Amino acid sequence: MAKKINLISDVSLKGLEIAPSQVWGSVRLVPLLRRHVRGDLRLLRRNYHEDLTIVSLEGQMMEPGMKYFSYVPHGLVLSWTNNGSPVAAYGGQMLNSHGKRIDCGCASVRLMHRMVKREGNNQLRFLPMHLAMEGFLSMFFSGPDIAWSEYSKYALSHGLGCRYETSVSGRYIAGLEEALRVFEIHEEQVGVLVFVAEALASAFVVPTPEDYRLLHTSLLEDFYGELLYEYGLLYDTTFPMDVSVDESKVNCLADLREAIQTMRSDWGSFQGFMASGLLGRGVASKIVYSAGDFFLQRFISDLNPKEENHIGEAIARDNGELEYLKTYRLSAAQTRRVYLLSVLAKYNWNVNATAAALNHTREEFVHRLEKAGFGYLLNQQVRDAALKKARKAK
């Protein structure tokens, strides 16, 4: 019998409960609780200490020799059972730090094979968030399939060549380290929504409360968009949430219990609304690896340049409940770059057709490509002609 593949089409918190948030300066942490924990899927952190990690992407439908470079502070090791029983002796198994380490004098480098690698019958190692970012960087990477005259020899031979994006460690988000240190971890907490100045920075979910306690501080090692770093510096407060109990309607303990439950529900609903740029948003997903009855997948939102956009990774059960989730909020510039590439790909990299689809003149579109950092894809003649026309227009 074929496995049922649960490819997520949106990000839902089914099976999770949003608890009242805790605030420190501009940081708001919203706990996510799981009332029913299965225990047949677990996550463990594996720390790395190198300054740079180089991951070979061969065998992942990428060009030969393609590699991903980044600072990778830790990986996650996924363990599961095939019959629904709890993972036995979790954390007791000896785990080797896989990959080759090279000392380059001024820096240490780790060489790794693949973003996701099976290490046993029921064990999988992957690089959290980097799995999603590598997928983002490789979107439309091959460039034009048709030798349009507008493109440079480099673009026709190498596509995008080398793509990079910059981000900021969680340690540089003002208030995040202190918030993670002092805030209470709920007994049933398995995740968190992280807001900076009321902007959703990331969502993080793991299978069990034990996993979350071990991975709580790993949020500091995650990377975030530069805009969130700036928000943390510029704003040191959050919006007040006026949710209270109407004393006039409380006559007994049962009334008080019901009122508090209603207040918590209203609070959770509002905090879910604050994350509406992610929750319930349509996403395009791709299966990366099959782990028994579970499927590790990465996703990207629908790339609306006028809205916030997210990339991420997820593992969902066949009933739609999330067991693992990690997201990254794209900056407006990152969204513009990949949006331009997506429209180019949609129109077979035809410059004139793409410009018309975006309601631009040819020269306006070339200028937009230049501003997005993709001017090198076009030959010098096309770029010079657009620049010359722009000067005349002024």
Side-chain angles (χ1 to χ4, degrees), residues 7-8 52-72 75-76 99 110-118 124-146 151-152 154-167 202 222-225 282-290 295-305 309-315 325-349 354 369 372-378:
L7 191 66
I8 64 171
L52 176 68
T53 296
I54 302 174
V55 186
S56 171
L57 302 179
E58 292 184 19
Q60 300 182 32
M61 299 181 68
M62 300 293 288
E63 295 180 11
M66 193 71 70
K67 292 177 174 59
Y68 175 88
F69 297 77
S70 184
Y71 169 61
V72 181
L76 290 180
R110 175 172 294 274
L111 304 178
M112 303 189 76
H113 183 54
R114 298 189 179 184
M115 284 284 172
V116 182
K117 187 174 178 62
R118 197 150 191 154
L124 191 71
R125 183 275 297 156
F126 64 97
L127 303 181
M129 207 66 269
H130 296 277
L131 180 64
M133 181 55 76
E134 180 265 311
F136 173 76
L137 289 172
S138 62
M139 292 180 71
F140 319 108
F141 196 88
S142 59
D145 295 323
I146 300 173
Y151 290 98
S152 64
Y154 181 87
L156 295 173
S157 300
H158 306 288
L160 297 188
C162 178
R163 271 204 71 195
Y164 72 92
E165 296 292 346
T166 58
S167 58
S202 69
D222 285 344
F223 52 87
Y224 301 85
V283 297
S285 304
K286 180 181 179 181
I287 298 294
V288 178
Y289 212 98
S290 169
F295 296 90
L296 176 62
Q297 51 195 289
R298 59 189 176 197
F299 61 84
I300 185 169
S301 59
D302 53 11
L303 291 178
N304 186 333
N309 290 277
H310 301 261
I311 59 174
E313 307 151 2
I315 297 175
L325 175 70
K326 187 177 280 287
T327 69
Y328 170 86
R329 180 171 177 163
L330 296 172
S331 69
Q334 288 171 328
T335 298
R336 286 194 298 269
R337 284 193 284 272
V338 77
Y339 177 72
L340 280 176
L341 292 177
S342 69
V343 180
L344 270 170
K346 180 179 179 180
Y347 290 93
N348 296 316
W349 293 77
T354 306
L369 273 180
F374 294 129
Y376 69 94
L377 295 175
L378 302 172

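Quick note: numbers below take in every heavy atom, side chains included, and nothing from hydrogens, waters or symmetry partners. Just so it is clear, the structure is predicted and the values come from calculations on it, not from any experiment.
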Distance, nearest 0.5 Å, that separates CZ of F140 from CG of L340: 11.0 Å
Neighbour count above 12 (heavy atom, 6.0 Å) for Y339 OH: no
Candidate list L160, L369, L303, test side-chain contact (heavy atoms from CB on, under 4.5 Å), partner L341, passing option: L160
Residue that, paired with W349, satisfies side-chain contact (heavy atoms from CB on, under 4.5 Å) out of I146, T354, L377, V343: L377
R110 (side chain) donor-acceptor with V72 (main chain) under 3.5 angstrom: no
Spacing of CG belonging to L57 relative to CZ belonging to F141, to within rounding of 0.5 Å: 9.5 Å
Check: S138 side chain, G135 main-chain N or O, donor-acceptor pair, under 3.5 Å: yes
side-chain contact (heavy atoms from CB on, under 4.5 Å) evaluation trace for N309 with I300: CA-CA 8 Å; N309 290 277; I300 185 169; over 6 Å; no
Any donor-acceptor N or O pair under 3.5 Å, side chains Y328, H310: no
R114 to Y68 six-membered ring, cation-pi geometry met (6.0 Å, 45°): no
Any donor-acceptor N/O pair, Q297 side chain to S285 backbone, under 3.5 Å: no
Atom CG of D145: over 12 foreign heavy atoms under 6.0 Å: no
Spacing of H130 atom NE2 and D222 atom CG [to the nearest 0.5 Å]: 8.0 Å
Donor-acceptor contact below 3.5 Å, side chain E313 vs main chain M129: yes
